[in-house]
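The structure under discussion appears below in the form of structure tokens.
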Amino acid sequence: MIIAAEYSFSNGCAIQKTLLQEVEDIIAVVDALSCKTKKSKEKTMKGKMLYSPTDLNNAFAQGFESKGWRKKRVSIPQPTIADHYRSGYLRKQMRPAYREIDFLKERLGIEVQFGVYQSMVYDVYVKFPIFRNLGYIDAGIEIVPVKSFTDEMSTSVPYFERFVWELKASGVVDIDIPVLIFGIDA
């Protein structure tokens, strides 16, 4: 795969160069064509072979894990609606919940996103700040497809160009951490 575009959000370009090179090398060895395994059932593309988000995620996982990157899962309390009542009646036991980051190494978090669009926004504005506030990361990299790549995937796959436009339009907020966004293509 190639990095077709990049965007530095909140000084994301300041990421440690050796780790950045390692991420670029991992992206370069992912064989996108071997992930074109999904036969479309959608009306507009019926029978067409598409890139499988699951297979792409697995290919990235192999690359990152081979270089010592690991998933990181943290437990968080899961409040119930009753926790917000003033009187405290109906208070229930909090259920365990967690947040997970795709790959972590030397305080750099990586998310590879071929899911729904909202996941990209969640990663940058919620997940990365949570992991920073817990002391696991200082910066993040979000890896997403560019629009032309998503044309050969199922509908509703997020893409780089839209994501960058929305980040620029939202402006800077006090929860921002440095994030470098890579737009990838086959």
Side-chain angles (χ1 to χ4, degrees), residues 1-40 49-74 98-124 126-132 134 136-154 156-164 167 177-186:
M1 298 201 77
I2 64 165
I3 298 172
E6 70 179 64
Y7 177 68
S8 175
F9 178 73
S10 193
N11 201 29
C13 60
I15 292 171
Q16 182 186 359
K17 297 301 178 206
T18 55
L19 284 178
L20 187 56
Q21 185 61 57
E22 191 170 295
V23 172
E24 291 171 355
D25 292 346
I26 291 166
I27 292 169
V29 298
V30 170
D31 179 12
L33 281 178
S34 70
C35 299
K36 204 169 193 179
T37 58
K38 183 177 179 181
K39 192 170 186 177
S40 176
M49 293 306 290
L50 303 174
Y51 291 101
S52 163
T54 301
D55 291 350
L56 286 165
N57 276 323
N58 290 338
F60 275 98
Q62 284 181 317
F64 278 103
E65 290 167 4
S66 73
K67 299 288 186 184
W69 294 77
R70 297 290 176 249
K71 287 188 181 301
K72 180 65 180 174
R73 180 183 281 197
V74 295
Y98 67 91
R99 294 296 175 265
E100 184 174 88
I101 200 160
D102 286 344
F103 308 104
L104 177 70
K105 186 176 184 179
E106 298 177 26
R107 302 186 60 79
L108 178 61
I110 306 283
E111 282 291 319
V112 179
Q113 198 55 257
F114 295 107
V116 296
Y117 173 74
Q118 294 84 346
S119 295
M120 292 186 305
V121 175
Y122 179 83
D123 292 344
V124 171
V126 179
K127 189 184 285 188
F128 285 147
I130 287 171
F131 278 83
R132 187 233 8 237
L134 292 173
Y136 292 107
I137 68 172
D138 296 320
I141 294 177
E142 186 84 4
I143 300 171
V144 299
V146 293
K147 176 68 172 111
S148 59
F149 189 27
T150 65
D151 291 342
E152 294 189 62
M153 293 180 172
S154 296
S156 301
V157 174
Y159 58 91
F160 175 85
E161 295 87 343
R162 177 179 171 192
F163 185 38
V164 168
L167 288 173
I177 70 167
V179 177
L180 190 57
I181 300 155
F182 285 144
I184 58 169
D185 203 350

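Fair warning: this is a prediction, and the values are worked out from it, not measured in the lab.
Contact record, Ala4 with Asp185: CB-CB, 4.1 Å, taken as the closest heavy-atom pair. Closest approach of Cys13 and Ser8 over heavy atoms only: N-OG, 2.8 Å. Nearest heavy atoms, Ala32 versus Ala186: CB-CB, 3.7 Å. Heavy atoms only, all atoms of each residue included: Val124 and Pro129 are closest at O-CD, 3.3 Å. Of all heavy-atom pairs between Phe182 and Ile141, the closest is CD1-CG2, 3.8 Å. Closest approach of Asp151 and Lys147 over heavy atoms only: OD1-NZ, 2.9 Å.
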Before you tell me yes or no, could you show the steps for Lys39 and Met49 under side-chain contact (heavy atoms from CB on, under 4.5 Å), namely the whole-Å CA-CA distance, both residues' side-chain angles and the distance that decides it to 0.1 Å?
CA-CA 5 Å; Lys39 192 170 186 177; Met49 293 306 290; 3.9 Å; yes
Stepwise side-chain contact (heavy atoms from CB on, under 4.5 Å) check, Val126 with Arg99:
CA-CA 10 Å; Val126 179; Arg99 294 296 175 265; 5.7 Å; no
Go through it in stages, so that I can follow the logic: the residues are Val23 and Leu180, the test is side-chain contact (heavy atoms from CB on, under 4.5 Å), and I'd like the CA-CA distance, side-chain angles, deciding distance and then a yes or no.
CA-CA 11 Å; Val23 172; Leu180 190 57; over 6 Å; no
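Rounding to the nearest 0.5 Å gives a distance of 6.5 Å between CG of Leu19 and NZ of Lys105. Here the straight-line distance linking atom OH of Tyr136 with atom CD1 of Ile130 works out to 12.5 Å at 0.5 Å rounding. Here CD1 of Ile26 is found 10.0 Å from CD of Glu65. Values are rounded to the nearest 0.5 Å. Atom CG of residue Leu33 and atom CE of residue Met1 lie 9.5 Å apart, to the nearest 0.5 angstrom. Rounding to the nearest 0.5 angstrom, the gap separating the OG atom in Ser52 from the CG atom in Asn58 is 8.0 Å. Atoms CZ and CD, from Phe163 and Glu142 in turn, are 5.0 Å apart once rounded to the nearest 0.5 Å.
When side chains are defined from C-beta on, Asp102 does not count as touching Ile143, because their heavy atoms never get closer than 4.5 Å. Considering only heavy atoms from C-beta on, Phe160 stays 4.5 Å or farther from Phe149 through its side chain. No side-chain heavy atom of Pro158 sits less than 4.5 Å from a side-chain heavy atom of Val144. In this structure, the side chains of Leu20 and Leu108 stay at 4.5 Å or more apart for every pair of heavy atoms. The shortest side-chain heavy-atom distance between Tyr122 and Gln113 does not fall under the 4.5 Å cut-off.
Between Phe60 and Phe114, the ring-plane angle classifies as tilted under the 30° and 60° cut-offs.
Looking at Gln21 and Asp25, their side chains do bring a donor and an acceptor atom within 3.5 Å of each other.
Around atom NZ of Lys67, no more than 12 heavy atoms belonging to other residues, nucleotides or ligands sit under 6.0 Å away.
In this structure Lys127 satisfies the salt bridge (charged side-chain N to carboxylate O under 4.0 Å, His left out) test together with Glu111, Asp123, sequence neighbours excluded.
A donor-acceptor pair under 3.5 Å is absent between the side-chain atoms of Arg70 and the main chain of Phe103, judged by distance alone.
The cationic group of Lys38 does not satisfy the cation-pi geometry with Tyr51, failing either the under 6.0 Å distance to the six-membered ring centre or the 45° limit from the ring axis.
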